[in-house]
There are 2 protein chains.
Amino acid sequence: MAEDLRALVERLKAVSHPLRLRVLALLESGELCVCQVAEVLQVPQSSVSEALRELRRAGFVVERKEGRWVFVSVVPEKDAPPLLKGLLAGAGSLAEVQQDRARAQEVRAISLPVLCSKVQKAVPVEHEAGRA
Amino acid sequence: MAEDLRALVERLKAVSHPLRLRVLALLESGELCVCQVAEVLQVPQSSVSEALRELRRAGFVVERKEGRWVFVSVVPEKDAPPLLKGLLAGAGSLAEVQQDRARAQEVRAISLPVLCSKVQKAVPVEHEAGRA
DNA sequence: TAGCAATTTCGATATTTTCCGATTAATCTA
DNA sequence: TAGATTAATCGGAAAATATCGAAATTGCTA
């Protein structure tokens with residue numbers, strides 16, 4: 001009885017969201033800084049920041065500040081909430097996630113100062129308009 | 001790559017809800033009919049019905065009609081989405097869930113016709129007013 | 001067929017969530 | 001210190017969700 005029903009629901013809510021789940025799954029491929037995440041996913045920076053805030057609140061990711069950059073990564077296994085492992089296993093096999101991770105590899109090859117000054121258009125693509 | 005990110009998110013959303021998660025966890029203790037669930041959880045019947053609709057859509061529960069009663073239960077393991085197992089494991093240890101299951105045992109002892117005609121008040125308790 | 005009884009669907013409101021541009025805060029660098 | 005840059009927060013409009021009584025539906029029973 002480690003926690004409370006409501007707490008578990010909050011944790012689930014945190015990942016019941018396309019962008020947030022995508023960010024979490026992306027980070028499993030390794031630490032990234034916020035601007036890298038925004039670049040990989042082609043999403044406005046403020047959206048990434050908000051997604052990360054929720055994931056942090058839920059205990060799924062941790063941050064590390066280095067100068068003006070903020071690096072985020074999946075919480076170390078020993079501190080991870082029970083859900084996390086199964087979640088990442090499930091998400092890791094999704095095509096979208098694998099594409100994101102591939103893109104992350106390319107982005108990692110660019111030095112941060114160069115990457116981030118590169119004005120990211122981040123075409124605000126609709127997050128709902130899937131072919132249901 | 002069995003599914004789609006959006007599908008996974010939908011599945012997670014289905015259980016990111018106090019009542020729905022409670023219902024799902026309750027059913028792990030065995031099949032119940034809708035009116036029994038309403039009685040155990042002290043929640044209006046239409047709310048239970050709606051919760052079950054979502055859980056069914058997400059593939060977590062199945063129904064079996066018998067006369068005018070509808071019995072619901074957790075989907076058999078072979079058909080269960082990957083998430084389910086870990087989810088139930090996590091929820092099963094929650095105090096609230098254990099209480100619900102204990103109540104279910106009492107309710108099962110009452111014959112259905114007797115139980116259901118018993119006008120259930122189901123005090124519309126606020127679902128948000130936790131001491132945050 | 002009439003009348004219950006169990007469940008689902010509907011309707012309407014209230015609340016929450018989402019989203020992103022603009023602003024602010026923090027930190028580097030010249 | 002001024003200027004630039006990265007990230008967080010704010011604002012607020014639009015969309016989605018929650019909730020539960022009332023009405024509709026389905027199927028039993030007499």
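Lettering of chains follows the sequences in order, A, B, ..., and the numbering in each one begins at 1.
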Give me the distances for all protein-to-nucleotides 7-14 of chain C N/O pairs that come in under 3.5 Å?
from: C:dT7; atom 1: OP1; to: B:Val34; atom 2: N; distance (Å): 3.4
from: C:dT7; atom 1: OP1; to: B:Val70; atom 2: N; distance (Å): 3.3
from: C:dT7; atom 1: OP2; to: B:Cys35; atom 2: N; distance (Å): 2.9
from: C:dT7; atom 1: OP2; to: B:Gln45; atom 2: NE2; distance (Å): 3.4
from: C:dT8; atom 1: OP2; to: B:Ser49; atom 2: OG; distance (Å): 2.7
from: C:dT8; atom 1: O5'; to: B:Ser49; atom 2: OG; distance (Å): 3.2
from: C:dC10; atom 1: N4; to: B:Glu50; atom 2: OE2; distance (Å): 2.9

Starting from [atom2] on [N], measure out to [atom1] on [X] and report it in whole angstrom.
X: A:Glu66; N: D:dA7; atom1: CD; atom2: C1'; answer: 15 Å
X: A:Glu54; N: C:dT16; atom1: CD; atom2: P; answer: 14 Å
X: A:Leu19; N: D:dA16; atom1: CG; atom2: P; answer: 17 Å
X: A:Leu41; N: C:dC19; atom1: CG; atom2: C1'; answer: 15 Å

Closest listed nucleotide, where the reference is the side chain of A:Lys13 and the choices are D:dC20, C:dC20, C:dT17: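 Per side-chain heavy atoms of A:Lys13, the pick is C:dT17.
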Intermediate values then yes/no, side chain to side chain donor-acceptor pair (under 3.5 Å), B:Gln98 and B:Arg101: CA-CA 5 Å; B:Gln98 291 176 0; B:Arg101 287 177 184 168; over 6 Å; no
May I ask you to evaluate whether A:Ser47 reaches the phosphate of C:dC20, defined as a side-chain N or O under 4.0 Å from OP1 or OP2?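 A:Ser47 to C:dC20 OP1/OP2: side-chain N or O found under 4.0 Å.
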Which distance, rounded to the nearest 0.5 Å, do you find between the OG of A:Ser73 and the CD of A:Glu28?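 If I round to the nearest 0.5 Å, the distance is 12.0 Å.
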Once you round to the nearest 0.5 Å, how far does SG of B:Cys35 lie from CZ of B:Arg68?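 Result: 10.0 Å between the selected atoms.
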Using the side chain to side chain contact (heavy atoms under 4.5 Å, CB included) rule, take A:Val9 and A:Asp4 through it: C-alpha gap first, then chi angles, then the decisive distance, then the call. CA-CA 9 Å; A:Val9 167; A:Asp4 173 283; over 6 Å; no
Does A:Arg64 have more than 12 heavy atoms from other residues, nucleotides or ligands lying within 6.0 Å of its CZ?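 Yes, enclosed.
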Could you tell me whether the side chain of A:Ser29 reaches within less than 4.5 Å of the side chain of A:Asp100, counting heavy atoms only?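 Not in contact.
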